[in-house]
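For reference, the structure is listed below as structure tokens.
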Protein chains: 2
Amino acid sequence: MAKAGRRPGQTETREQILASARALFAEQGYEGATIRGIAADAGVNPALIHHFFGSKDKVFAASLAIPVDPSVIVSTVATGPRDAAGERLVRIFLTIWGNPDARRPFLALLRSVTSNEAAARMMRQFLRLAIIDRIGPELGVSELRMTAVGTQLMGLAMMRYILQVEPMASADDEEIVAMIAPVIQHHFDA
Amino acid sequence: MAKAGRRPGQTETREQILASARALFAEQGYEGATIRGIAADAGVNPALIHHFFGSKDKVFAASLAIPVDPSVIVSTVATGPRDAAGERLVRIFLTIWGNPDARRPFLALLRSVTSNEAAARMMRQFLRLAIIDRIGPELGVSELRMTAVGTQLMGLAMMRYILQVEPMASADDEEIVAMIAPVIQHHFDA
DNA sequence: TGCAGAATTAAACGTATGACTAATTTGGCC
DNA sequence: GGCCAAATTAGTCATACGTTTAATTCTGCA
């Protein structure tokens, strides 16, 4: 998978830098995180990051690979009883956000959307690929309706994981499903 | 209203600084906006901002006065036919976001929530005062349900005004009301 | 073993920022 | 007109940042 001839040490350090970048961008957003901070966290010299990636923007982009295949979301939601599609979508959402590794890139994106145009673009693109553009036609739901579904999930992420408003932040997953799934189902059936 | 004895020039310049601060914080968030940028926009020396306000944090706080009385939201939603409370809430939301002056502080808050703890606190507090803590008891809706209402509105703000995802961003207000009001009403009636 | 190239580092540069200091201007008031 | 406090400015400081350069260490291979 890695380019042939690459020495083992390189990929390891590279991966470590990316891991630190993922963590810090997720915690502090694009502007808040610094090359020096990432380097310190990874235990390397700041210049090494430029050696590998070239610029902060490129580290950011490289660290942002969303570990979720939009197609999986689309097919999971589209497959099965249609009157439970809303519940399936909410459960996927909660599964992703319940996994720290999977959640991290989304946290980073949400925290960077205002200061980094690339982040905003990637967020919009993911919403399109995973929610709006493909689930909609699959279920016969209008584009505008699907953006409404997006608002619901986006708001959930903001309230529960960024702002951490109680009691939403500590609520049980099943409570969230019970509250939100019917709303999304309503959009699907409208 | 202003402190007695203050010379007219002072309040004027002070107001102008606050106006520029409001605009720039709304456009670029807390970290993105700079004292120098605000000073340039207001046509004054950067040191004057410190003279009046003391620090960037304090300019930010002073510029963030939300021009919306939470009580008005609460009473507007609570007054009138109960089965149209959801629609009333959505219409207040759209009225606020449709007015550039009223929208500005919320844009600034949303864009600063990740980099400024004061912004996060103020956002949470407004959600509590305007939505969760007082409309809930008034309509007999649980706190958790009311945070779900909050997610819907927060997501709407993010998708429509920050990320500007189409066709949500350009949709007519009435289309938004038609789609979102029933969802909020559903929470009220659950 | 010695060489070549990659990995890694130390050190510095240029810039932008928030903040501070001291000086200057302004405008009302006796 | 002269005085005084407030408004306003020019200039500077220290810091943090992304980035660059040049030197140094490491490692696989001939």
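Convention: sequence-line order gives letters A, B, ...; per-chain numbering from 1.
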### Task
Give A/Ala33 one of three labels, base, sugar-phosphate or nothing, depending on what nucleic acid heavy atoms sit under 4.0 Å from its own.
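Since only primed, P, OP1 and OP2 atoms lie under 4.0 Å of A/Ala33, the category is sugar-phosphate.
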
### Task
Mind checking B/Leu48 for me? I need base, sugar-phosphate or nothing, with any heavy atom below 4.0 Å counting as a touch.
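Touches a base.
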
### Task
Could you tell me whether B/Glu175 and A/Arg145 make a salt bridge, using a distance below 4.0 angstrom between a side-chain N and a carboxylate O?
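No salt bridge links B/Glu175 with A/Arg145.
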
### Message
Does this structure show an ion pair linking A/Arg124 with A/Glu117, if we count only N-O contacts that are shorter than 4.0 Å?
### Response
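Salt bridge: yes.
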
### Query
Under 3.5 Å, is there a donor-acceptor pair between the B/Ser71 and B/Arg134 side chains?
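Indeed, the side chains of B/Ser71 and B/Arg134 share at least one donor-acceptor pair under 3.5 Å.
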
What is the distance, to the nearest angstrom, from the [atom1] atom on [X] to the [atom2] atom on [N]?
X       : N      : atom1 : atom2 : answer
B/Glu31 : C/dA16 : CD    : P     : 17 Å
A/Glu12 : C/dA6  : CD    : P     : 18 Å
B/Ile35 : C/dC20 : CD1   : C1'   : 13 Å
A/Ile38 : D/dT19 : CD1   : P     : 11 Å
B/Ile17 : D/dT9  : CD1   : C1'   : 13 Å
B/Arg14 : D/dT8  : CZ    : C1'   : 15 Å
A/Ile49 : D/dT20 : CD1   : P     : 14 Å
B/Asn45 : C/dT25 : CG    : P     : 14 Å

### Query
Is B/Thr34 near enough to C/dA16 that one of its side-chain N or O atoms lies under 4.0 angstrom from OP1 or OP2?
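So the side-chain polar atoms of B/Thr34 never come under 4.0 Å of the phosphate oxygens OP1 or OP2 of C/dA16.
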
Counting heavy atoms from C-beta on, name the nucleotide in [options] closest to the side chain of [X].
X       : options                : answer
A/Phe52 : D/dT19, C/dT8, C/dA19  : C/dT8
A/Arg36 : D/dA10, C/dA10, C/dA12 : C/dA12
B/His50 : D/dG18, C/dA19, C/dT9  : C/dA19
A/Ser55 : C/dT8, D/dT19, D/dT9   : D/dT19

### Task
For this output row, return yes or no: ring centroids of B/Phe106 and B/Tyr161 closer than 6.0 angstrom.
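Between B/Phe106 and B/Tyr161, the centre distance exceeds or equals 6.0 Å.
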
### Query
Got A/His50 and A/Lys56 here, is their nearest side-chain heavy-atom distance under 4.5 Å?
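No - every pair of side-chain heavy atoms lies 4.5 Å or more apart.
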
### Query
If you pin B/Asp57 and A/His51 to their nearest nucleotides in DNA chain C, which one's is more 5'?
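Taking each residue's closest nucleotide, the earlier one in sequence belongs to A/His51.
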
